[in-house]
Amino acid sequence: MRASELLAPTLRETPAEAEIVSHQLLLRGGFIRKAAAGIYTYLPLGRRVLAKIEQIIREEMDRAGGQEVVLPIIQPAELWQESGRWEVYGEEMFRLQDRHRRQFCLGPTHEEIITALVRSEVTSYKQLPLLLYQIQNKYRDERRPRFGLLRGREFVMKDLYSFDLDQEGLNQSYQKMYQAYSNVFRRCGLDFRPVQADSGAIGGNYSHEFMALAAAGEALLVYCRECDYAANVEIAEARALPKAAAENPAPLKEVATPGQKTVTEICTFLQVTPDKLIKTLFYEADGQLIAALVRGDRELNEVKLQNHLNCRHLVLADPERVMKAAGAPVGFVGPVGLQGIPLYADLEIPYLVNGVAGANREGYHLVNVNPGRDFKTAAVVDIRQVEAGEPCPRCGAPLAQARGIEVGQVFQLGTKYSSVLGAKYTDARGQEHPIVMGCYGIGVSRTMAAIVEQCHDDQGIIWPLSVAPYQVVIIPASLKDDGQREVAEGLYRELAAAGVEVVYDDRDERAGLKFVEADLIGYPLRVTVGKRTVTSGTVDVKWRSRKEETPLPLEGLTAQIQTLLAREMEKYRLRG
RNA sequence: CGGGAUGUAGCUCAGUUUGGCUAGAGCACCUGCUUUGGGAGCAGGGGGUCGCAGGUUCAAAUCCUGUCAUCCCGACCA
């Protein structure tokens with residue numbers, strides 16, 4: 001490719017709208033442009049990176065036995081009504097009507113459509129297992145699209161669905177995908193970690209997320225440095241860590257605490273440590289009021305609470321409703337004497353001796369609160385957020401914490417969709433069974449952004465060779481010098497003919513500008529043709545990721561470059 | 001959806017408080033000359049319904065009302 005013909009409009013300045021590095025650099029490097037909030041155009045360079053990532057995914061899916069299909073983006077409402085998700089999905093679904101006023105949506109995901117396909121085409125156990133996948137745009141009308149490609153409303157996703165006879169088959173498919181995902185992200189050059197994850201509204205009971213470690217990530221995860229335990233904090237198991245309490249239970253006492261509402265205020269006022277406090281949080285679980293109790297020095301984890309309650313919607317109750325139910329405003333509510341509101345206590349609560357809690361009377365708190373004696377709980381459950389430094393639930397070593405970008409997730413769905421939509425097979429004895437399903441997603445465009453988050457410096461992007469838009473850029477220092485121009489042209493032709501993905505910067509610009517742009521765009525290997533090329537017959541070769549520049553003789557240069565590229569590519573090969 | 005902010009040239013922004021003359025700068029773009037190994041210099045040039053709609057006024061980028069869009073924080077989220 002000649003740079004003079006390439007549409008790669010770089011920006012000198014960082015666009016005001018871009019907050020995080022990947023968004024900034026992808027805009028500045030001329031990879032993407034915004035069309036609307038969360039909706040992007042991919043320019044030639046962006047498209048090439050995307051295609052590289054897609055190809056890696058395709059190879060790994062095919063290797064695992066997947067078959068590629070293309071499912072419709074526009075999907076009929078009927079199918080979604082059948083699965084019950086037409087209503088459940090709510091505002092996040094882009095809906096539209098055709099000229100006959102029939103209802104459709106833009107596919108936010110494809111469980112319905114693929115299950116419908118399989119129910120009509122698969123009837124016998126002989127046709128299973130089956131792994132079907134596609135790489136295609138998804139549409140989700142996010143409440144708040146942000147961070148460029150990391151959370152868009154239109155984005156590229158690979159989704160694979162597995163269909164098996166039984167749980168054992170599903171386990172095997174799941175295992176295959178887990179391995180395939182590890183392969184994909186390794187080949188993309190990502191520093192990633194698979195973590196145990198919540199299966200969320202998509203259903204199912206077993207799930208892992210693949211997290212690209214990055215400060216810009218929206219997800220928080222904990223992992224053990226000693227064993228292989230790693231989990232999204234949403235579901236990370238907490239242990240009860242009771243402080244050794246030597247005291248004996250004392251009589252319950254009400255004390256005036258005028259205006260003292262927050263944990264910090266109360267602790268200062270009453271001269272106690274936060275771990276003595278019982279935080280009482282009211283939630284509406286599918287409309288029903290419940291109270292959750294955690295220690296004052298802990299954070300409640302809503303995902304865990306929701307999973308224990310097994311409810312669909314969980315929201316913090318509004319203050320008025322709390323006032324009505326407890327008889328006191330938020331800040332003065334507590335578990336003692338609450339009538340008709342189930343109490344869900346965190347694992348650590350029962351260990352508290354002489355704790356502090358709201359008195360359910362404005363301006364008052366109770367001291368010497370003793371769980372069991374002073375109030376009864378509906379359940380004692382793990383509902384607090386795990387923090388860095390806590391012991392690993394597997395081996396006890398201190399847990400580390402990190403932020404991650406969720407680039408992939410694998411789910412065991414079981415028969416959630418197949419039973420609702422009637423996807424069944426007949427076994428060898430003529431018995432009908434629902435097909436056992438799994439689903440597996442990779443955010444392709446998000447992966448592209450995640451790579452940039454991890455691979456950049458002050459000058460720009462440093463693409464891993466495996467996903468770079470082009471592998472090599474040739475920069476002639478001066479095009480006015482016929483000698484340089486001829487060598488550069490010739491080298492370009494030779495490399496291109498040898499199948500190397502190469503950009504020849506033939507623009508009538510100063511060399512300095514070309515270097516700056518090459519660094520911004522992030523071509524992995526740079527070949528500079530300059531005065532020395534003409535005088536001593538060498539070019540200067542430099543990796544984007546390294547500082548040194550080395551002279552290489554023109555003789556046999558194409559083969560030499562191919563060798564260099566092949567050696568570098570080894571980094572992204574799978575081991576074993 | 002709640003809170004905050006911003007919309008002026010392709011990009012980054014000034015001008016708005018206190019209404020006033022032909023709406024500005026830098027970068028980018030076009031032409032010419034010089035320059036040419038890390039975002040060149042000089043000269044000349046093109047590009048704007050000041051987000052949109054309405055209102056107040058002799059006069060609106062500037063004041064008022066409405067509306068749309070975008071960004072950030074939160075809530076939410078296969």
Side-chain angles (χ1 to χ4, degrees), chain A residues 9-20 23-24 27-28 30 33-39 83 85 88-93 107-112 138-148 150-153 155 157-161 197-204 207 209 218-219 234 302-303 306 312-316 318 406 408-413 416-417 438-443 446 458-460 475-481 484-485 488 505 507-521 526-534 539-540 542 549 551:
Chain A
T10 58
L11 303 175
R12 186 182 290 248
E13 285 168 287
T14 302
E17 68 191 32
E19 199 72 11
I20 63 163
H23 194 194
Q24 292 172 347
L27 283 169
R28 285 191 58 207
R33 286 293 182 262
K34 187 180 69 179
I39 299 174
S83 74
R85 289 210 291 181
V88 174
Y89 233 99
E91 302 242 277
E92 206 173 306
M93 188 146 73
T109 177
H110 286 72
E111 283 84 11
E112 276 78 2
K138 292 278 186 288
Y139 296 84
R140 291 180 196 173
D141 195 0
E142 293 278 350
R143 275 184 185 155
R144 190 177 156 212
R146 57 181 150 179
F147 302 146
L150 285 184
R151 183 163 293 275
R153 293 193 293 172
F155 56 96
M157 182 181 230
K158 184 285 306 179
D159 44 327
L160 182 144
Y161 304 87
D198 182 46
S199 51
I202 203 163
S207 177
E209 287 165 338
E218 294 183 273
E234 288 178 348
E302 291 186 3
V303 173
Q306 179 163 10
R312 191 172 277 174
H313 290 291
L314 183 72
V315 285
L316 207 55
D318 72 87
E406 182 199 334
Q409 185 163 17
V410 291
F411 290 93
Q412 293 203 348
L413 293 176
K416 175 173 165 135
Y417 293 92
C439 79
Y440 316 84
I442 292 178
R446 183 183 275 184
D458 292 346
Q459 314 306 311
I475 297 181
S478 172
L479 280 171
K480 293 270 184 336
D481 181 331
Q484 288 183 34
R485 180 206 294 272
D505 199 340
R507 295 173 302 168
D508 184 19
E509 295 285 355
R510 297 160 66 92
L513 179 138
K514 295 182 183 180
F515 291 137
V516 169
E517 285 201 353
D519 285 351
L520 176 61
I521 289 170
R526 185 178 85 189
V527 179
T528 307
V529 174
K531 281 194 203 108
R532 274 202 302 281
T533 308
V534 183
V539 296
D540 293 318
K542 180 183 175 301
E549 188 157 30

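Residue numbers start from 1 in every chain, and the chains themselves are labelled A, B, ... in the order their sequence lines are given, proteins ahead of strands. Just so we're clear, the structure is a prediction, and the values are computed from it rather than from any experiment.
Between the side chain of A:Arg28 and the backbone N or O of A:Leu11 there is at least one donor-acceptor pair closer than 3.5 Å.
Between A:Arg507 and A:Glu517 there is a salt bridge, since a side-chain N of the basic residue sits under 4.0 Å from a carboxylate O of the acidic one. Checked for salt-bridge contact, A:Arg526 and A:Asp540 miss the test: no charged N lies under 4.0 Å from a carboxylate O. Under the 4.0 Å criterion applied to side-chain N and carboxylate O atoms, A:Glu92 and A:Arg143 are not assigned as salt-bridge partners.
For the pair A:Lys531 and A:Glu17, both in contact range of RNA chain B, the more 5′-proximal nearest nucleotide belongs to A:Lys531. Nearer the 5' end of RNA chain B, as judged by each residue's closest nucleotide, is the contact made by A:Ala37, out of A:Ile442 and A:Ala37.
A donor atom on one side chain and an acceptor atom on the other are found under 3.5 Å apart for A:Asp159 and A:Tyr161.
Taking atom CG on A:Leu150 and atom C1' on B:C72, their separation rounds to 15 Å, with Å as the unit. Atom CD in A:Glu13 sits about 15 Å away from atom P in B:G10, given to the nearest Å. Put simply, CG on A:Asp508 is 13 Å from P on B:A40, counting in whole angstrom units. Note: CZ (A:Arg143) to C1' (B:C1) measures 6 Å, nearest angstrom. Summarising the geometry, the separation between CZ on A:Arg28 and P on B:A28 is reported as 13 Å, rounded to the nearest angstrom.
The base-pairing partner of B:C42, taking Watson-Crick or G-U wobble contacts with both distances under 3.5 Å, is B:G32. For B:G7, the paired base is B:C68 (Watson-Crick or G-U wobble, both distances below 3.5 Å). With a cut-off of 3.5 Å on both pairing distances, the Watson-Crick or G-U wobble partner of B:G74 is B:C1. Using Watson-Crick or G-U wobble geometry with both donor-acceptor distances under 3.5 Å, B:G19 finds no partner in any strand shown. Across all strands shown, B:C50 forms no Watson-Crick or G-U wobble pair with both distances under 3.5 Å.
For B:A40, the OP1/OP2 oxygens have a side-chain nitrogen or oxygen of A:Arg510 closer than 4.0 Å. When the side-chain nitrogen and oxygen atoms of A:Arg12 are compared with OP1 and OP2 of B:A28, one or more of them lie within a distance under 4.0 Å.
Taking the C1' atom of each, B:G47 and B:U31 are spaced 15 Å apart, rounded to whole Å.
Taking only side-chain atoms of A:Glu142, from C-beta outward, the nucleotide of B:C77, B:U70, B:G39 with the closest atom is B:C77. Comparing B:G39, B:U12, B:U35 by their nearest atom to the side chain of A:Ala16 picks out B:U12.
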